[in-house]
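In what follows, a structure is listed as structure tokens, so that the remarks can point back to it.
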Number of protein chains: 2
Amino acid sequence: MARTGDRARTATVPALSALDFALDRGSPVPLYYQLAQQLESAIEHGVLAPGNLLGNEVDLSVRLGLSRPTVRQAIQSLVDKGLLVRRRGVGTQVVHSQVKRPLELSSLYDDLEEAGQGPTTQVVRNEVVPASCDVAAALGVSEGSEVTVLDRLRRTHGQPVALLCNYLPASLVPLDDTRLESTGLYRMMRSAGITLHSARQRVGARAATAEEAARLDEEEGAALLTMQRTAYDDTGRAVEYGTHIYRASRYTFDFQLLVRP
Amino acid sequence: MARTGDRARTATVPALSALDFALDRGSPVPLYYQLAQQLESAIEHGVLAPGNLLGNEVDLSVRLGLSRPTVRQAIQSLVDKGLLVRRRGVGTQVVHSQVKRPLELSSLYDDLEEAGQGPTTQVVRNEVVPASCDVAAALGVSEGSEVTVLDRLRRTHGQPVALLCNYLPASLVPLDDTRLESTGLYRMMRSAGITLHSARQRVGARAATAEEAARLDEEEGAALLTMQRTAYDDTGRAVEYGTHIYRASRYTFDFQLLVRP
DNA sequence: CAGTGGTCTAGACCACTAA
DNA sequence: TAGTGGTCTAGACCACTGT
């Protein structure tokens, strides 16, 4: 049914059929994932513009030689990421987004990705001590058991931005200062076979003490952002407890959140 | 294959078969959703304890008279919520969590759920003004177009906790002060047919000015938590821009985040 | 090795939306 | 009314895990 006259405002992208999705059935990568990645990259590169309809799922599956559930799974994963929106009776369209990529919570993101060139982290203290009462409670271990305490100073562009204090069960990961500074804590935990599952965070603010001010190059009484985090393994084990302090003048938490229907 | 001697640490819960899942095929509520809700409530009430294996999907589907994909969809939704963990070759188990219910980001959660008895919100200002440069940029409207500006003071237990300043495109929602105070902004937007999709947030800290201190019952220079948020519709339209200020002595952002694999 | 979740297929009917 | 996504079925084979 051809429309005469005006082009539909939200036309199905005609180039979609030209988009050659290369699906490799021999690959160990799941088909739905291959499709999702290629769709995502098409969106990211503007091949699929915001508002474009994706074409109905049945056609897509026929054209790609996949079953409909497989195509749905690919699309659903992008819906979960906030890149696509489905409307019953209408179709699936690329979200008209101001924000390209959903960001992770920035502080955790920093920790996960701190290998990037920007921030450097200096290990100030790295030793095994008996767990104090609050640390033991946060980590779910018995008071007095051995925990590693880690004090680090993070800088960007040569300027101090944060004091990071972390506690981990001592037996969990061998923590070498050099690798810690180059690789980052979370990467070391991951390569030690720990799969992170969830974290509980509390963000607040308070005035800097004299000592904190000195270490962070601020005035005493300056506003600081504080963050406490306990991170859990997929078995539910607490694997890290940390208290972080950020210079509010040089650091904010930026993040996007998706409202689930 | 019965184990002799020690009970398995992670035994399949024997009571699971006794759990009478009541699935109503006549209901408009999807079967997978009915199952997911009942599983979630069983977890919440401790019928399914952390670490319990759920029993394999095939058996479950046979026992429930559902197809395996349907059962998987129910389980997957709880995995996405962080309540269950799947391990290939092992099974699905209830996550050994310290945190029962994953929380939403607390500030947005407050706004969504502010009907609760605790916090009250007083509308201090509610008028239509031409958009300033930064507001126009944040909302994606032209400078000078009409926007509603909303100043509110939030209290809990009679104590002021936050100053909320919000901007909305004027034509979007009729904003009645009384309903605003009793119902909350997000609920009013929802009932006006706006389906929230995503939000971009920035959390920081700074010292209180004299005026802010006076309105929040703090000392000048006290640490404040700041939050800026732009919320988007599922069409990608910006529907709200806000600048919030919280007393750090009485408010923190608490939230849980899930690491997606 | 047996048992688990991970992936995939080829259909079906329904509820909703827009013209 | 025609087209869309939402739900559901009954199978299948594979990869991984633990014994």
> Could you give the CD-to-P distance, from B:Gln34 to D:dG6, as a whole number of Å?
Replying inline: 18 Å
>> Taking side chain to side chain contact (heavy atoms under 4.5 Å, CB included) as the definition, give me every residue that meets it alongside A:Asp59, ordered by chain and number, with sequence neighbours left out.
In response: A:Asn56
> Any idea which of C:dG5, D:dG5, C:dA18 is nearest the B:Arg86 side chain?
Replying inline: C:dG5
> Is B:Thr92 near enough to C:dG5 that one of its side-chain N or O atoms lies under 4.0 angstrom from OP1 or OP2?
Replying inline: yes
>> Between C1' on C:dG5 and CD on B:Gln93, what's the gap in Å once rounded to a whole number?
In response: 13 Å
>> With a 4.0 Å cutoff (strictly under), does any side-chain N or O of A:Arg87 reach OP1 or OP2 of D:dG5?
In response: no
>> Without decimals, in angstroms, what is the distance between A:Ile75 CD1 and D:dT4 P?
In response: 12 Å
>> Could you tell me how far apart A:Asp234 (CG) and C:dG5 (P) are, to the nearest whole angstrom?
In response: 15 Å
>> Without decimals, in angstroms, what is the distance between A:Glu57 CD and D:dT7 C1'?
In response: 11 Å
> If we only count heavy atoms from C-beta on, is the B:Thr148 to B:Asn126 side-chain gap below 4.5 Å?
Replying inline: yes
> What closest approach, in Å, do B:Ala36 and B:Leu78 show between heavy atoms, and which atom pair accounts for it?
Replying inline: O-CD1, 3.8 Å
> Above 12 or not: heavy atoms from other molecules or residues under 6.0 Å from CZ of B:Arg202?
Replying inline: no
Just list the side-chain donor-acceptor pairs under 3.5 Å for residues 24-35 of chain A, sequence neighbours left out, or say none.
residue : atom : partner : partner atom : Å
A:Asp24 : OD1  : A:Gly26 : N            : 2.8
A:Asp24 : OD1  : A:Ser27 : N            : 3.3
A:Ser27 : OG   : A:Val29 : N            : 2.9
A:Gln34 : OE1  : A:Asp24 : N            : 2.8
A:Gln34 : NE2  : A:Asp24 : O            : 3.0
A:Gln34 : NE2  : A:Val29 : O            : 2.8

> Is any side-chain nitrogen or oxygen of B:Asn56 closer than 4.0 Å to OP1 or OP2 of C:dG3?
Replying inline: no
> Would one find more than 12 heavy atoms of other residues, nucleotides or ligands at under 6.0 Å from atom CD of A:Glu181?
Replying inline: yes
>> Measuring to OP1 and OP2 of C:dG6, would you say a side-chain N or O of B:Arg72 lies under 4.0 angstrom away?
In response: yes
Under 3.5 Å, which protein N or O atoms sit close to an N or O of nucleotides 8-15 of chain D? Give each pair with its distance.
residue : atom : partner : partner atom : Å
D:dC8   : OP1  : B:Leu31 : N            : 2.4
D:dC8   : OP2  : B:Leu31 : N            : 3.4
D:dC8   : OP2  : B:Tyr32 : N            : 3.3
D:dT9   : OP1  : B:Arg25 : NH2          : 2.4
D:dT9   : OP2  : B:Ser67 : N            : 3.0
D:dT9   : OP2  : B:Ser67 : OG           : 2.9
D:dT9   : OP2  : B:Thr70 : OG1          : 2.7
D:dA12  : N6   : B:Arg68 : NH1          : 3.2

